[in-house]
Amino acid sequence: MTNGPLPVARTVAELRAVVAGWRAAGERVAMIPTMGALHAGHLSLIALGRQKADRTVASIFVNPAQFAPHEDFDAYPRGEAEDAAKLADAGCDLLFAPGAREMYPDGFATTVNVATGVSEPLEGVSRPHFFGGVATVVAKLLIQCGPDVAIFGEKDYQQLLVIRRMARDLDLPVEVVGGPTTREADGLALSSRNAYLTAEERKAATALPAAMRYAVAALRDGGEAADVEGAVRASLIGAGFRQIDYVEIRDGATLARLGPGPVSPGARVFVAAWLGKTRLIDNWAV
Ligand code: PAF
């Protein structure tokens, strides 16, 4: 089913005018920030937004501030027309697709940093620039739109915790909600970056969900975190992953390291690893 062309706002003023109209009619608003290259995982977040609010706004902005110079900003997949058609089919009400000048005008000088805690380990070590860029752009998007609810995928679980902390610390009047990860039949988490995988790498990538499944089962059976982390590393290297950024079992609320002994409820397994030129991340609740 096609719901017809999707209205697109390019400026903050246009976005605010549409949202003000909804608010005047007493409607609740959900925002789903994205970087485009939309897949079924993103569309499940739109569906969640439609359950939680009367109106949904998706944003598409490939945010230069969250990519380091050596990363894939230029190569990141872009296709607004295709994305807009998917959003219309999913029943989204508005696309906010600002240009770089609208988001970062000349003289832009402010950054938002979640300085300690959930931003420090894992991605905070591997990609030190990342959460500053994410927190800055998401703070801007939420201030620009003023939604009641903002929805982010649990695939980027640490990002979700960082955004929740940021919204709480800055008193943004928004409920930050996580949407469950959408997976392929073999368990590989959907990601826009999966498009970089060659056919052979895609086959090898199945080792990642297999290792996660093993880790969860072993931990539930009383396995020691350090042993399980070692076994996951070994199985990924054995399957052809060329570099492991991290395999760590941490508390799912605080991201604190766990002590020795059986893992406590709420633990989560976090992995980031490279298959050829593609960096895959995933996390599973124990
Ligand atoms: O998860 C993403 O796609 C991005 O990090 C986000 C939250 C849209 C910020 O640019």
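None of these values were measured; they are calculated from a predicted model. Numbering of ligands and ligand atoms starts at 1, following listing order.
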Do the side chains of Arg28 and Asp54 get close enough for a salt bridge, i.e. N-O under 4.0 angstrom?
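Looking at Arg28 and Asp54, the cut-off is not met.
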Taking a 3.5 Å cut-off between nitrogen or oxygen atoms, can you list every pair linking ligand 1 to the protein, with distances?
from	atom 1	to	atom 2	distance (Å)
ligand 1	1 (O)	Gln159	NE2	2.8
ligand 1	5 (O)	Gln66	NE2	2.9
ligand 1	5 (O)	Gln159	OE1	2.7
ligand 1	10 (O)	Gln66	OE1	2.6

4.5 Å side-chain heavy-atom contact, Arg193 and Tyr76:
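Heavy-atom side-chain distance check passes, below 4.5 Å.
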Counting C-beta onward and ignoring hydrogens, is there a side-chain heavy-atom pair between Arg250 and Arg268 closer than 4.5 Å?
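Of all side-chain heavy-atom pairs linking Arg268 with Arg250, none is under 4.5 Å.
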Within 45° cone and under 6.0 Å: Arg78 NZ/CZ vs Phe73 ring
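Satisfied, under 6.0 Å and within 45°.
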Within 6.0 Å of CD in Glu27, more than 12 heavy atoms from elsewhere:
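For Glu27, atom CD is crowded (more than 12 foreign heavy atoms under 6.0 Å).
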Quick one: list whatever passes ring pair (Phe, Tyr, Trp, His ring centres under 6.0 Å) with Phe131, sequence neighbours left out.
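Here no residue qualifies.
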